[in-house]
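First the structure, in the form of structure tokens, and then the observations on it.
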Amino acid sequence: MNMAYWLVKSEPSVWSWDQQVAKGAKGEAWTGVRNFTARQNLVNMKKGDKAFFYHSNEGKEIVGIAEVIKEAYPDPTDKTGKFVCVDIKADKPLKTPVTMAAVKADKKLADMALVKYSRLSVQPVTAEEWKLVCKMGGL
């Protein structure tokens with residue numbers, strides 16, 4: 001079974017990496033996604049998959065790695081019943097945050113969803129992109 005890689009975005013003033021870390025092993029539900037492409041990405045996440053944790057708007061940088069600990073279930077914050085969430089826990093911080101500018105500057109990452117679909121809140125990441133960003137982040 002192959003692990004998939006993802007990127008999840010949150011504004012640090014709404015939900016930060018430090019808040020995610022503070023939740024410990026029990027993690028937290030990744031709620032509030034209201035885009036159908038992002039919803040499908042949540043549905044495709046499997047327990048054990050890894051996700052980059054990206055601070056959007058403020059910072060615009062990948063700051064850590066999270067792990068999916070519970071697969072998609074109905075988002076309790078969605079009154080329409082159309083959207084789902086997953087539970088994630090913090091795995092480890094990047095030694096050096098990887099900025100959006102650094103991602104855009106690397107030609108090997110030109111096709112990364114973060115560059116092409118910058119507003120998408122839950123995105124797939126290829127294995128090659130994962131390795132390169134981890135290296136850029138000092139892992």
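All residue numbers refer to positions in the sequence shown, counting from 1.
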Are any side-chain N or O atoms of [X] and backbone N or O atoms of [Y], one a donor and one an acceptor, separated by less than 3.5 Å?
X	Y	answer
H55	W17	yes
D49	M3	no
N44	Q40	yes
E71	K46	no
D87	G27	no

Can we call the ring centroids of F83 and F36 under 6.0 Å apart?
yes

Answer with yes or no after comparing the ring centroid distance for F53 and W30 against a 6.0 Å cut-off, counting only values under it.
yes

According to a hydrophobic-cluster definition based on side-chain heavy atoms being under 4.5 Å apart (Ile, Leu, Val, Met, Phe, Trp, Tyr only), do [X] and [Y] belong together?
X	Y	value
L139	V133	yes
Y54	M112	yes
Y117	L7	no
M136	V63	no
V8	I69	no

Is the closest side-chain heavy-atom distance between [X] and [Y] below 4.5 Å?
X	Y	answer
T99	I62	no
I65	C134	yes
V98	E61	no
P76	T31	yes

Starting from the C-alpha separation in whole Å, work towards a yes-or-no answer on side chain to side chain contact (heavy atoms under 4.5 Å, CB included) for F52 and Y5.
CA-CA 8 Å; F52 287 130; Y5 300 104; over 6 Å; no

Rounded to the nearest 0.5 Å, what separation is found between the [atom1] atom of [X] and the [atom2] atom of [Y]?
X	Y	atom1	atom2	answer
L120	N35	CG	CG	5.5 Å
M45	C85	CE	SG	11.0 Å
K108	E128	NZ	CD	11.5 Å
Q19	S10	CD	OG	8.0 Å
S121	N41	OG	CG	8.5 Å
L42	I88	CG	CD1	9.5 Å

Identify the heavy atoms of K116 and A110 that sit nearest to each other, and give their distance.
CG-O, 3.9 Å

Looking only at heavy atoms, which two atoms of V103 and L109 are closest? And how far apart?
O-CB, 3.7 Å

How far apart are the C-alpha atoms of K89 and K23, what are their side-chain angles, what is the distance that settles it, and do they pass the side chain to side chain contact (heavy atoms under 4.5 Å, CB included) test?
CA-CA 7 Å; K89 69 173 184 173; K23 286 293 181 173; over 6 Å; no

For the residue pair K70 and Y73, would you count it as a cation-pi contact if the rule is NZ or CZ under 6.0 angstrom from the ring centre and within 45 degrees of the ring axis?
yes

If we count only N and O atoms by modelled type, under 3.5 Å, do the side chains of Q123 and W6 hold a donor and an acceptor together?
no

I'd like to know if D75 pairs up with R34 as an ion pair, taking the criterion as any Lys NZ or Arg NE/NH1/NH2 lying under 4.0 Å from an Asp or Glu carboxylate oxygen.
yes

